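Only one structure is covered here, and it is reproduced in the block below.
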2 protein chains.
Amino acid sequence: MPVTIKDVAKEAGVSPSTVSRVISNHPRISPQTTAKVKKIMDELGYHPNMLAKSLVMQKSKTLGIILPRPAEELFVNLFFSEFIRGIVAQASRIGYDLLMTSGVTQMDEADAITKLVKGKKVDGIIILTSRKKDPVIKLLQEMKFPFVVIGRSDEFENILSVDNDNIKAATDVTNYLISIGHKRIGFVSGPAHLIVSQDRLTGYTEALKAAQLETKPEWIVEGEFLQESGYLAMSSIMSLENRPSALIVTDDLVAYGVLRGLTELGYKVPEDISIISFNNITISELTNPPLNSVEIGIYQMGYTASQLLIRSIEDGVDSKRELIPHRIITRQSCAPLLEK
Amino acid sequence: MPVTIKDVAKEAGVSPSTVSRVISNHPRISPQTTAKVKKIMDELGYHPNMLAKSLVMQKSKTLGIILPRPAEELFVNLFFSEFIRGIVAQASRIGYDLLMTSGVTQMDEADAITKLVKGKKVDGIIILTSRKKDPVIKLLQEMKFPFVVIGRSDEFENILSVDNDNIKAATDVTNYLISIGHKRIGFVSGPAHLIVSQDRLTGYTEALKAAQLETKPEWIVEGEFLQESGYLAMSSIMSLENRPSALIVTDDLVAYGVLRGLTELGYKVPEDISIISFNNITISELTNPPLNSVEIGIYQMGYTASQLLIRSIEDGVDSKRELIPHRIITRQSCAPLLEK
DNA sequence: TTGAAAGCGCTAACAA
DNA sequence: TTGTTAGCGCTTTCAA
């Protein structure tokens, strides 16, 4: 039998409401009573029933997240762990937990979310991937329920989001290559329906334009966030007559595929071609040569998202875009291009 | 304003209990009423408040998991994502969600667990890492609260657990090397306080003994689940006079460190030395050469753990050890050793 | 400073 | 087959 507030009250010779007040540090309560009640709580091993509390308080102190689908979002997977750690670390600090769920067989994300929201199991929701015209964002927006998206929405301006400045990041990367002498720069992009793909591509294009460098459609290849895509992209690009001297790749795993293909074909990196990619996952320092990559601060994104969402729940802030700084990690996959 | 069971009742002209019965498919309820109530529920967009339901039912339909500490359990990290996916997939199917929490700064795992359990936020708990004399297992055992451990307990026999047969797996690996001609086999182990380390080491030792092969203390090196450990282990082992012709490594990441060091020193794998490791994480097929590794079925472990725990919650089964089969993945890091 | 009582939204005897 | 009622464990007016 669990010990309730009534048991404590009876044992301490006070009323349940007094015990309740002690629990929540109510200001107007005598030190003696407080001490007495606290002692009894310890003795009895009392812990408040959070369900009951949540029911009357109308809030669960819980954040919700929908587990991304396996195949579709492999991308997210590779740093899922670090991301979750960021969320939970911050949430726990403020007394929130994280509830994870997923759409069952036929039931999609939208239903899973509705269930959480209307079922009052969570006070806010974190959306992991932002696709173009994301229906989930629209749903949450309509329900006027607190949520934060990782990435950004192409439809709604005034929402809570945590993102990298992917356009800027891609611009920086492009300029970095330009600064070490490259003039022909290719781009291996990710799935077009993801906003992150779109933004990075934009940054690349803009940087080339600004530098008045040549841009060719065949230098841009789109693929999945898979090693194979890198391999394919590589072979398509290397077979060009006038091929790039440097390649920007949208993700480390893809870059690994590129690297692998290059090695197989007998090319040397960075002597024959320079490679730089995004996300800086574990693997990027393990490749041969170690990959230059853009650190995007996954843990911090999780941490910040959590923080922003909780603030939104508690203070009602519901429109803010937080940008997590990125940073180019220089390793050995890029080399200066000497004039010739 | 959320729509409650009362609103539905009033609108449908029935009592709240009737609505409740419709929700839970009570057998004795007329088709007409059912239809009418369901219609109203749809119209009003009704969803049951799970907190209220949980409060009266005394169960939350939620599983709990404590996020492993960063540094200590890097090991778990690498397949965290796949593991969680397994848990959530199965849990969702049966209508359970997963609640994640972590010890705040000073507050340790035990407190976090007590809070979840006594606070009634979860119906059962999944323990991710099993250390020797794990205090958390003891705590849960004492509270008589449903839980399942991934791995096994060295103290308690009669608990719920999902594990690989790590002793057998290590035996299999050792025998595999023996079968292709190796007689001098080394072992790079993990942290001694983890049961998985202990079991794999045991399996290795037993297999050698059974084959009446030589075993030398200096062929066994213990380290962390880190690349660096592999590097260190490698240099210690390769500097021996009579060194092994094959190495069993406790984890792919560590094996990567070994591989790297070997390459740096000019050794060739598998010509100069064969390497095989455990866990079969993404990285193991990306190395050069691709690593032979033991697939341990992480997703399935999560899935099974979830299943076992829910069964325990609902039917009271509380003592069962489920073994997930392992399987050696043959790639290019092992070569037969010819007699000489 | 403390207590009594009502109620959060739901389920489940018991009665009808 | 359906309704009435009590109560899950907590918070919070209102009164004392």
Side-chain angles (χ1 to χ4, degrees), chain A residues 1-38 40-41 44-62 95 114-123, chain B residues 1-38 40-41 44-62 95 115-123 314:
Chain A
M1 271 309 94
V3 20
T4 74
I5 212 172
K6 276 186 189 170
D7 302 323
V8 177
K10 189 176 295 173
E11 191 72 19
V14 298
S15 78
S17 30
T18 301
V19 177
S20 171
R21 284 187 264 252
V22 169
I23 294 169
S24 48
N25 304 309
H26 188 100
R28 283 212 264 273
I29 196 110
S30 82
Q32 300 91 293
T33 339
T34 305
K36 185 172 56 184
V37 170
K38 282 199 168 155
I40 304 287
M41 292 197 317
L44 265 43
Y46 170 79
H47 270 257
N49 181 322
M50 299 315 274
L51 294 176
K53 178 168 187 167
S54 296
L55 181 59
V56 25
M57 302 289 279
Q58 305 272 35
K59 53 185 178 154
S60 59
K61 289 273 198 174
T62 305
T114 307
K115 215 178 109 203
L116 284 194
V117 172
K118 298 223 173 182
K120 297 279 187 287
K121 283 194 96 167
V122 302
D123 297 336
Chain B
M1 273 308 94
V3 21
T4 76
I5 212 171
K6 277 187 187 168
D7 301 324
V8 177
K10 188 176 297 176
E11 190 73 17
V14 298
S15 79
S17 36
T18 301
V19 177
S20 171
R21 283 187 266 253
V22 169
I23 294 169
S24 48
N25 306 308
H26 189 100
R28 284 212 263 273
I29 194 109
S30 83
Q32 301 91 293
T33 335
T34 306
K36 185 171 55 184
V37 170
K38 282 201 166 151
I40 303 288
M41 292 197 318
L44 265 43
Y46 171 79
H47 270 256
N49 181 322
M50 298 315 274
L51 294 177
K53 177 166 186 167
S54 295
L55 181 59
V56 25
M57 303 288 280
Q58 305 271 38
K59 51 185 179 153
S60 59
K61 291 274 199 170
T62 305
K115 216 178 109 203
L116 283 193
V117 171
K118 299 223 173 181
K120 296 279 188 288
K121 283 194 94 167
V122 303
D123 297 336
E314 300 188 343

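A quick note: this is a predicted structure, and the numbers were derived from the prediction, not measured. Quick note on labels: first sequence line is chain A, next is B, and so on, each numbered from 1.
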From A/D123 CG over to A/Q58 CD, what is the distance, rounded to the nearest 0.5 angstrom?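 Result: 10.5 Å between the selected atoms.
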Roughly how far apart are A/T34 OG1 and A/H26 NE2, rounded to 0.5 Å?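 One finds 10.5 Å between OG1 of A/T34 and NE2 of A/H26.
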Could you walk me through whether B/I5 and B/I23 satisfy the side-chain contact (heavy atoms from CB on, under 4.5 Å) test, starting with their C-alpha distance in whole Å, then the side-chain angles of each, then the deciding distance to 0.1 Å, before giving a yes or no? CA-CA 10 Å; B/I5 212 171; B/I23 294 169; 4.1 Å; yes
I want to check one thing: is the phosphate of C/dT2, taken as OP1 and OP2, less than 4.0 Å away from some side-chain N or O of A/T33?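 A/T33 to C/dT2 OP1/OP2: side-chain N or O found under 4.0 Å.
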Protein-nucleotide distance ([X], atom [atom1]; [N], atom [atom2]), rounded to Å:
X: A/H26; N: D/dT11; atom1: NE2; atom2: C1'; result: 12 Å
X: B/K10; N: D/dG3; atom1: NZ; atom2: P; result: 15 Å
X: A/K59; N: D/dT11; atom1: NZ; atom2: C1'; result: 12 Å

Bend angle of the helix from C/dT1-D/dA16 to C/dA16-D/dT1, from helix axes over five pairs at each end, nearest 10°: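 Nearest ten degrees gives 40° for this helix.
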Beyond-backbone contact of [X] with [Y], side-chain heavy atoms, under 4.5 angstrom:
X: A/V8; Y: A/L44; answer: yes
X: A/K121; Y: B/T62; answer: yes
X: B/P2; Y: A/K120; answer: yes

Classify the side-chain pair B/S20/B/S17 by whether it contains a donor and acceptor separated by less than 3.5 Å.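 B/S17 and B/S20 do not have a side-chain donor-acceptor pair below 3.5 Å.
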Counting only heavy atoms not in A/K61, do more than 12 fall under 6.0 Å of its NZ?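 Counting neighbours around NZ of A/K61, more than 12 heavy atoms of other residues, nucleotides or ligands fall under 6.0 Å, so yes.
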Reading nucleotides 7-16 of chain C from 5' to 3' and marking B where a protein heavy atom lies under 4.0 Å of the base, S where only the sugar-phosphate is that close, and - otherwise, the string is -BBBSBB---
